[in-house]
Amino acid sequence: MADLIVPSRKTADEQGNVLTITPESAGWTYVGFEVYRLSQGQRLKKETGDQEVCLVLLSGKANVATSELKLDNIGQRMSVFEQTPPYSVYVPNGDFFEVTATTELELAVCAAPGYGSHPARLIAPEQVGVEKRGYGNIERRIHNILPEQSPADSLLVVEVFTPNGHWSSYPPHKHDQDNLPNESYLEETYYHKINPAEGFAVQRVYTLDGELDETMIVKNGDAVLVPKGFHPVSAPPGYDVYYLNVMAGPVRTWRFYNDPAHEWLMTNAKK
């Protein structure tokens with residue numbers, strides 16, 4: 001069985017960290033991901049090194065500083081399930097970020113190789129593209145935090161809200177071949193939140209040749225690694241599902257390939 005679930009720890013370390021994924025721990029090359037839960041007044045300071053970073057304020061408010069930015073008391077939602085776009089901050093490689101929580105704060109730190117091409121900046125909620133994708137019980141809400149149309153070197157960051165009884169990342173698609181313009185190679189993490197928190201989601205990660213085929217029960221605060229293959233998500237009745245996606249690869253573009261067995265669902269979507 002592949003070890004694709006990385007659970008959050010119940011107790012944060014002294015820095016507030018509850019979850020860490022590195023390229024080394026994941027066995028891949030590009031994507032890093034961390035979650036911090038900071039109490040009011042707690043401070044986190046880190047160097048970015050050779051990584052560009054997108055800080056996503058999942059819930060709560062904070063002061064955020066870099067070598068060129070000073071942002072006071074940003075943030076607005078107290079729960080991801082308010083479904084308002086988040087405040088985020090892009091930080092280039094060769095910089096630092098300092099985050100001071102002004103309320104209780106859940107912070108995602110999304111990382112991938114940076115090349116110094118873009119300055120630090122605030123990504124305000126009104127800059128986040130909001131869309132509905134799918135139809136019927138495969139409809140979901142999308143917040144495009146750092147899409148390929150926005151400046152960055154490697155990172156792609158998006159959050160998705162899947163209503164209870166619905167599916168997302170569906171029809172099943174993959175992006176594990178460096179075969180542009182038809183498909184791009186992108187590693188991906190899913191960070192899940194469930195409402196109510198005692199619920200669960202179901203995620204399957206599989207390849208057509210059967211080399212990888214895992215169906216997982218995903219709990220609140222779990223991250224799922226998608227090194228390759230198709231990766232649909234199901235929200236059981238009674239439980240809304242949120243996830244934050246981080247993607248990166250050799251080329252910063254999202255080109256995917258649908259599972260041919262389920263391609264017909266896209267025809268219905270266009271009607």
Note: A111 and V53 closest approach over all heavy atoms is CB-CG2, 4.2 Å

Taking T102 for the side chain and K61 for the main chain, is one N or O donor matched with an acceptor at less than 3.5 Å? yes

CZ (R141) and CD (Q83) are apart, to the nearest 0.5 Å, by 5.5 Å

Test: K45 cationic atom under 6.0 Å from F96 six-membered ring centre, within 45° of axis: yes

Could you give me the CA-CA distance, side-chain angles and deciding distance for D213 and R204, then say whether salt bridge (charged side-chain N to carboxylate O under 4.0 Å, His left out) is met? CA-CA 7 Å; D213 194 347; R204 184 185 180 198; 3.0 Å; yes

Applying salt bridge (charged side-chain N to carboxylate O under 4.0 Å, His left out), run through R252 and E52 and close with a yes or a no. CA-CA 13 Å; R252 187 174 178 262; E52 65 177 0; 5.2 Å; no

Do N17 side-chain atoms and Y36 backbone N/O form a donor-acceptor pair below 3.5 Å? no

Would you check if the side chain of N164 reaches a backbone N or O of A235 as a donor-acceptor pair within less than 3.5 Å? no

Could you go through V218 and V241, starting from their C-alpha distance and side-chain angles, then the distance that decides it, and tell me whether this counts as side chain to side chain contact (heavy atoms under 4.5 Å, CB included)? CA-CA 10 Å; V218 183; V241 173; over 6 Å; no

Within the 4.5 Å heavy-atom criterion, are V158 and I145 side-chain neighbours or not? no

Do the side chains of P23 and T29 get nearer than 4.5 Å, heavy atoms only? no

The reported gap from NE2 in H175 to OH in Y185 (rounded to nearest 0.5 angstrom) is 10.5 Å

Decide, yes or no, whether a salt bridge links D259 with K174 under the criterion of side-chain N to carboxylate O below 4.0 Å. no

Is atom CD of E82 surrounded by more than 12 heavy atoms (other residues, nucleotides or ligands) closer than 6.0 Å? yes

So among N63, L105, I74, which one has a side-chain contact (heavy atoms from CB on, under 4.5 Å) with V99? L105

R255 and E148, any side-chain heavy atoms less than 4.5 Å apart: yes

Under 4.5 Å between side-chain heavy atoms, hopping through other hydrophobics if needed: is there a path connecting F161 to Y239? yes

If we check salt bridge (Lys or Arg N to Asp or Glu O under 4.0 Å) with E98, which of these qualifies: K46, R43, K70? R43

How long is the span from the CG atom in L155 to the CD atom in Q51, to the nearest 0.5 Å? 8.5 Å

For C110 against V246, the heavy-atom pair lying closest together: SG-CG2, 3.5 Å

Checking side-chain polar atoms at under 3.5 Å, does S150 have a donor or acceptor matched by the opposite partner on Y90? no

Is the shortest side-chain heavy-atom distance between P85 and V130 below 4.5 Å? yes

Looking at side-chain heavy atoms only, is the closest gap between W254 and H173 below 4.5 Å? yes

The reported gap from CD1 in I123 to CG in N144 (rounded to nearest 0.5 angstrom) is 11.5 Å

Using a 3.5 Å distance criterion without hydrogens, assess whether the side chain of R77 forms a donor-acceptor pair with backbone atoms of T84. yes

Quick one: do V157 and V89 end up in the same hydrophobic cluster if we chain Ile, Leu, Val, Met, Phe, Trp and Tyr together by side-chain heavy atoms under 4.5 Å apart? no

Going through the distances and angles, do N220 and K193 end up as a side chain to side chain contact (heavy atoms under 4.5 Å, CB included)? CA-CA 5 Å; N220 188 56; K193 305 287 285 185; 3.7 Å; yes

Is a side-chain N or O of R140 found less than 3.5 angstrom from the main chain of Y170, in a donor-acceptor match? yes

Would you say that L69 contacts V64 through its side chain, given a criterion of any heavy-atom pair below 4.5 Å between the two side chains? no

Distance from K219 atom NZ to S8 atom OG, nearest 0.5 Å? 12.5 Å

Backbone N or O of G60 within a donor-acceptor pair of the T103 side chain at under 3.5 Å? no

Any chance you could lay out the side chain to side chain donor-acceptor pair (under 3.5 Å) test for Y242 and E159, step after step, and finish with the verdict? CA-CA 7 Å; Y242 163 95; E159 60 181 15; 2.6 Å; yes

Could you tell me whether the side chain of H262 and the main chain of P171 form a donor-acceptor pair under 3.5 Å? no

Fit a plane to each ring of Y257 and F230, take the angle between them on a 0 to 90° scale, and name the class: parallel (under 30°), tilted (30 to 60°) or perpendicular (over 60°). tilted

Please assess W28 against L225 for the test side chain to side chain contact (heavy atoms under 4.5 Å, CB included), listing each intermediate value before the final yes or no. CA-CA 10 Å; W28 56 35; L225 306 175; 3.9 Å; yes

Give the cluster check for I142 versus V233: same hydrophobic cluster or not, with ILVMFWY residues linked at side-chain heavy-atom distances below 4.5 Å. yes

Would you say F97 and L71 are hydrophobically clustered, going by side-chain heavy atoms of ILVMFWY under 4.5 Å? yes

Kindly determine whether T162 and Y243 satisfy side chain to side chain contact (heavy atoms under 4.5 Å, CB included), including the steps that lead there. CA-CA 8 Å; T162 309; Y243 52 80; 3.9 Å; yes

Assess the pair H192 and F200: is the distance between their ring centroids shorter than 6.0 Å? no

Polar side chain donor-acceptor pair, T48 to D95, under 3.5 angstrom: no

Pairwise distance OG1(T253) to CD(E183) - rounded to 0.5 angstrom: 12.0 Å

Test K228 against every option in E187, E211, Q177 by the side-chain hydrogen bond (donor to acceptor under 3.5 Å, both in side chains) rule and name the one that passes. E211

Give a yes or no answer on whether the side chain of S39 reaches the backbone of Q42 with a donor-acceptor pair at less than 3.5 Å. no

Test item: Y206 and P232 side chains (from C-beta on) under 4.5 Å apart, heavy atoms: yes

With heavy-atom distances below 4.5 Å as the criterion, would you say the side chains of Y191 and L19 are in contact? yes

Among the clusters formed by ILVMFWY side chains lying less than 4.5 Å apart, do L146 and L186 turn up in the same one? no

